[in-house]
**Q** 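Next up is a structure, given as structure tokens.
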Amino acid sequence: MAEVTVAMGRGLVPPDQPIVCADDLGVVRGDGVFETINVRHGVPFLLKEHLERIQNSAQAMEIDAPGSGELRGLVESAVEEWNTRSAEEAALRLVVTRGRPSGGGPTVFATVDRVDDLSKRPRTTGVALRSASLGVAAMARKDAPWLLGGVKAVSYATTMSVLRWAKGQGADDALWVSSDGYALEGPTSSLLWLRNGTLYTTSTETGVLPGTTSTFLLNQAARIGLDAKSDVIGLTDLFEVDAAWLSSSVRGVVFITEIDGRPMPQRPDIHSELQKLSGFTA
């Protein structure tokens with residue numbers, strides 16, 4: 001149960017009060033979009049970037065989402081309420097569904113929950129991954145918009161399935177790999193890698209979700225003496241880099257310890273600098 005819930009048009013909603021109808025298309029068809037925003041020191045991190053991304057996702061799915069100003073107001077209301085209750089790091093989820101089949105516009109709400117120790121732990125322990133085939137070539141989604149490349153949709157059945165599979169294999173997380181052998185992203189995170197003084201992330205031409213945290217880190221990379229670039233990398237080539245990470249809005253920046261049982265190179269010094277840049281703490 002969310003600790004704070006704010007619904008558009010209704011304001012603060014008690015945690016035991018329903019906010020979504022049984023026939024809402026976000027529930028019955030996964031027809032909606034969302035963002036998860038890290039809240040630290042009472043402030044939503046990279047809020048502008050998250051609002052832009054949810055607008056882009058809604059546009060790609062032809063959902064008539066409220067404007068960024070209205071969504072910002074909803075987020076700020078939820079954060080303000082959270083700040084009256086706790087000073088802990090939190091995760092705010094902003095959701096926009098298509099609403100009910102009978103019409104009436106989208107369903108829009110925000111929830112806030114504390115980031116628990118289980119989510120923070122990989123910031124210091126790292127993660128072991130298992131590679132999983134996405135089933136399409138690296139550039140296939142560019143010409144197939146119905147595959148929803150770059151869209152953060154609420155239809156997460158495949159995501160949860162691959163995470164269960166990876167954990168069943170003894171790993172912490174999964175790494176999506178294209179049918180032609182390119183490492184793409186985690187199910188809920190972006191891929192970063194370091195090679196010869198350049199910090200890379202996967203090109204959005206592959207249809208990966210444009211990561212807010214990874215983009216921030218690349219934009220700030222010069223501050224720690226690194227160049228920055230987006231590109232593609234084969235799974236086999238990933239073992240030859242200097243180090244690699246997953247980044248997301250909740251876990252932050254986590255180093256990859258192994259992929260498919262094969263150890264990955266480490267750069268603890270760069271990991272520490274990336275954590276400082278992004279402001280995530282263990």
**Q** Taking 4.0 angstrom as the limit, do Arg195 and Asp237 come out as a salt bridge?
**A** no
**Q** Between Arg53 and Glu35, does any NZ, NE, NH1 or NH2 come within less than 4.0 Å of an OD or OE carboxylate oxygen?
**A** yes
**Q** Going through the distances and angles, do Asp260 and Ser131 end up as a side-chain hydrogen bond (donor to acceptor under 3.5 Å, both in side chains)?
**A** CA-CA 6 Å; Asp260 296 336; Ser131 61; 2.6 Å; yes
**Q** Decide if the gap between the ring center of Phe34 and the ring center of Tyr156 is smaller than 6.0 angstrom.
**A** yes
**Q** Regarding Arg98 and Asp31, does a basic nitrogen lie under 4.0 Å from an acidic carboxylate oxygen?
**A** yes
**Q** Should Glu240 and Arg262 count as an ion pair when the cut-off is N to O under 4.0 Å?
**A** yes
**Q** Just do the side-chain hydrogen bond (donor to acceptor under 3.5 Å, both in side chains) check on Asp231 and Ser203 with the steps written out, would you?
**A** CA-CA 5 Å; Asp231 203 349; Ser203 170; over 6 Å; no
**Q** Can you tell me if CZ on Arg85 sees more than 12 non-hydrogen neighbours from other groups inside 6.0 Å?
**A** yes
**Q** Do Trp245 and Phe255 have their ring centres less than 6.0 Å from each other?
**A** no
**Q** So, are Arg130 and Glu258 salt-bridged, with charged N and O less than 4.0 Å apart?
**A** yes
**Q** For the pair Glu88 and Arg114, find out whether any cationic side-chain nitrogen is under 4.0 Å from an anionic carboxylate oxygen.
**A** yes
**Q** Measure the OG-NE2 distance between Ser68 and His50 for me, rounded to the nearest 0.5 Å.
**A** 13.0 Å
